[in-house]
Every structure is written in C-alpha cells, then in structure tokens.
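We use all heavy atoms of the structure for the numbers below, so side chains are in, but hydrogens, waters and symmetry mates are not.
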Amino acid sequence: MEGTALTAPNSPHPKSALGHKVPAEHARSWLLVPASKPELFDRARDSRADVVILDAEDAVDPRKKNEARADVIAWLQQGNRGWVRINDVTSDFWEDDIEQLRGIESLEGVVLAKAEAPEQVTETFHRLGGTTRVVPLIESALGLEDATGIGRAVGAFRLAFGSGDFRRDTGMWASREAMAYARSRLTVASIAAGLPGPIDGPTTDESLRILREQAEWTLEHGMTGKLCLRREQTAVVNEVICPQNSDILWARDFIEDFEADGGVVRDGSDMPRLGRAKKILGLAEAFGIEVG
C-alpha cells in the first residue's frame, strides 16, 4: 500500500527528536510573537515552533514601532535566532526596519508584509545585504495576482498567506471553499517559482479541534507550513503537517524492494512512488523523526 507524504487525520504522531532544528525550507509551524511583548520572546524560542517570527508590523501600535524594534534587535544581539516580520515597503517604517536589522548575524530572515510586486522583495533582499532570506506575505488581490512573479523575485525564500488581510481586501469568507482558490494559487505559484511549499495563514479560533481541521485544509491545498498565533498551536500544526510512522515504514520498504530488484523500473507507477518515498524520508530526516 502506498504511503502519503504527510499526515492522515487522526493517525498517531511519530516521535520527533527533542531540540531538533527543522530547516526553514521545511518548517511547519511559524509562530508570530508581538514585537511589543519582549517578555514572550524567550518562551516562544523554547516552544515547539519550528520558526519564531517577532512581529514588528500589525502586532505593534504605530506609536510604539521604534521601541518594539529596539527590543527585537536587543534580543537578537544577545545571540537568540529568529525571524522578523517587517513593515511593508510603502509604509513609513520599512526603511528603518531594513537599516537597523541589516548585519545582525542571528537574524534568520524577514517576513515582508503586504508584498505586492517582485521588486519589493528584491529591494528588501539587497538592502538587507543580499544574504537574508525573505518570505513575501501575500495579503491582497494584487499580491495574489502576481504571486508567481513575487516567488521568482531575487531573494524570495517561501511564500506566505496573510489570510486575514486578504479577506478584508476581497470581502471573501474564511470558509474552506472561499479560500481554496487563494491557497491553491499560492501552491502553484511556489512550485512554478521553484520554491518550497507555501505557508498558510493562521487560525484565529482558540479551539485546537478547529485548528487541526484547518491545518488539514492547509495540506489539502499543497501548503507545507502554517502561521501560528499561540504557542499551543504549534504542536498541533507540527503533528498534522508531518509524515506518519506508516508512511515512513512504507517508504523504507519500497526503496529497499526497488533497490533489491536492481533499481529497474517495472511499470509506470514505480517512478512516482520512488519520488514519493524519497520525499517522505527526506521530511522524516528534516523533522528529526525516529521510527523504531
């Protein structure tokens, strides 16, 4: 029986290595932390989140932007590693964000708010020194329409979905059906641009049952990460967006059988299954999953 690359609903969660660092290209849970609340930074760092994003944009009152940015920089300069959601290029704060974050070695990347054009990504990337990864946050109809171009921009690392602002911009509902096009479009744009799978928007409901359901929508549309608003959400997201023990065992068995037969393709399903098996084992390694 063929396995799938990611989790099936209600299946047991595989054991992951404690303290394992998941590469950002595979990161599942992206935890947003208000930059105006430095007392939460260490707790976020020690959580189950694959990635911590200190949010200096929507989570901060405009009157407190400078103070919040200073707290973020101080925390990063203490040797803590993390990402920062910076303000959009058209705002009054973007340039200060760029100037003050440039050159901080522990800055792992930036999430660029309200990205709507490739040149915004490229300019951000170059102004940061040409090495800092940029995740463009697609939050509008205009941004979605140019998602492939934004994904192909120099410096773009992964696309992310700012679903709340997108709904405000378009008037769409938050339902699975209403958001299906946007999610699918971001997945197609990511693949076309040669990027890892995109990062879905957050679940605002406090129910972990609803979070699990919506994380399954994330998978259904080919997305491979999800923004989180609270620490307790990260474990659920990591569990859902993850290959299961049965997937990993199937992948190992298939590759062993394939190699035992001399690596000879027997029918038209062998190559797709081989690709799937390699993807599953690659993810298991990335997530530090141990299967007995």
Side-chain angles (χ1 to χ4, degrees), residues 3-7 16 20-32 48-53 81-85 107-113 115 118 120-122 124-125 128 130-139 143-144 146-163 179 182-202 214-228 234 237-244 247-248 251 272 275-289:
T4 55
L6 298 170
T7 187
S16 297
H20 179 79
K21 177 66 176 175
V22 176
E25 59 267 27
H26 297 301
R28 303 153 293 181
S29 52
W30 294 66
L31 177 60
L32 287 161
R48 294 181 180 274
D50 287 344
V51 168
V52 171
I53 308 169
R81 305 192 66 82
W83 290 62
V84 178
R85 176 157 79 160
L107 176 66
E108 296 194 328
V110 298
V111 177
L112 178 62
Q120 295 176 341
V121 178
T122 300
T124 298
F125 177 71
L128 282 168
T131 58
T132 301
R133 298 171 290 190
V134 179
V135 169
L137 192 59
I138 307 300
E139 304 185 75
L144 188 66
D146 202 7
T148 303
I150 292 170
R152 288 176 173 171
V154 174
F157 178 68
R158 283 176 79 171
L159 298 178
F161 187 27
S163 50
M179 290 293 100
R183 288 189 171 105
S184 298
R185 178 72 180 271
L186 287 176
T187 295
V188 172
S190 296
I191 300 305
L195 301 181
I199 304 157
D200 200 1
Q214 293 189 1
E216 289 166 2
W217 299 354
T218 298
L219 284 180
E220 178 182 319
H221 293 95
M223 307 179 94
T224 57
K226 186 170 174 62
L227 295 171
C228 298
T234 61
V237 169
N238 288 348
E239 180 181 347
V240 174
I241 306 178
C242 189
Q244 299 301 293
D247 301 327
I248 298 168
R276 184 180 297 112
K278 289 181 176 179
K279 180 178 181 180
I280 290 170
L281 295 183
L283 288 173
E285 181 178 2
F287 299 151
I289 296 172

Quick check: do [X] and [Y] have side-chain heavy atoms less than 4.5 Å from each other?
{"X": "His26", "Y": "Thr224", "value": "no"}
{"X": "Leu144", "Y": "Leu186", "value": "yes"}
{"X": "Ile53", "Y": "Val84", "value": "no"}
{"X": "Ser190", "Y": "Pro196", "value": "no"}
{"X": "Phe287", "Y": "Arg28", "value": "yes"}

Shortest non-hydrogen separation from [X] to [Y] and the atoms involved:
{"X": "Phe161", "Y": "Leu227", "result": "O-CD1, 4.0 Å"}
{"X": "Val135", "Y": "Leu159", "result": "CG1-C, 4.3 Å"}
{"X": "Cys242", "Y": "Ile289", "result": "SG-CD1, 3.3 Å"}
{"X": "Gly222", "Y": "Thr187", "result": "C-OG1, 3.5 Å"}

For [Y], does its backbone N or O pair with a side-chain atom of [X] as donor and acceptor, under 3.5 Å?
{"X": "Lys226", "Y": "Gly201", "value": "yes"}
{"X": "Asn238", "Y": "Arg48", "value": "yes"}
{"X": "Arg183", "Y": "Thr218", "value": "no"}
{"X": "Thr148", "Y": "Ala189", "value": "no"}
{"X": "Arg158", "Y": "Glu25", "value": "yes"}

Using the six-membered ring wherever Trp is involved, compare the ring planes of Trp83 and Phe157 and label them parallel, tilted or perpendicular (cut-offs 30° and 60°).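 Plane angle between 30° and 60°, so tilted.
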Would the number of heavy atoms belonging to other residues, nucleotides or ligands and lying under 6.0 Å from CD of Glu285 be above 12? no
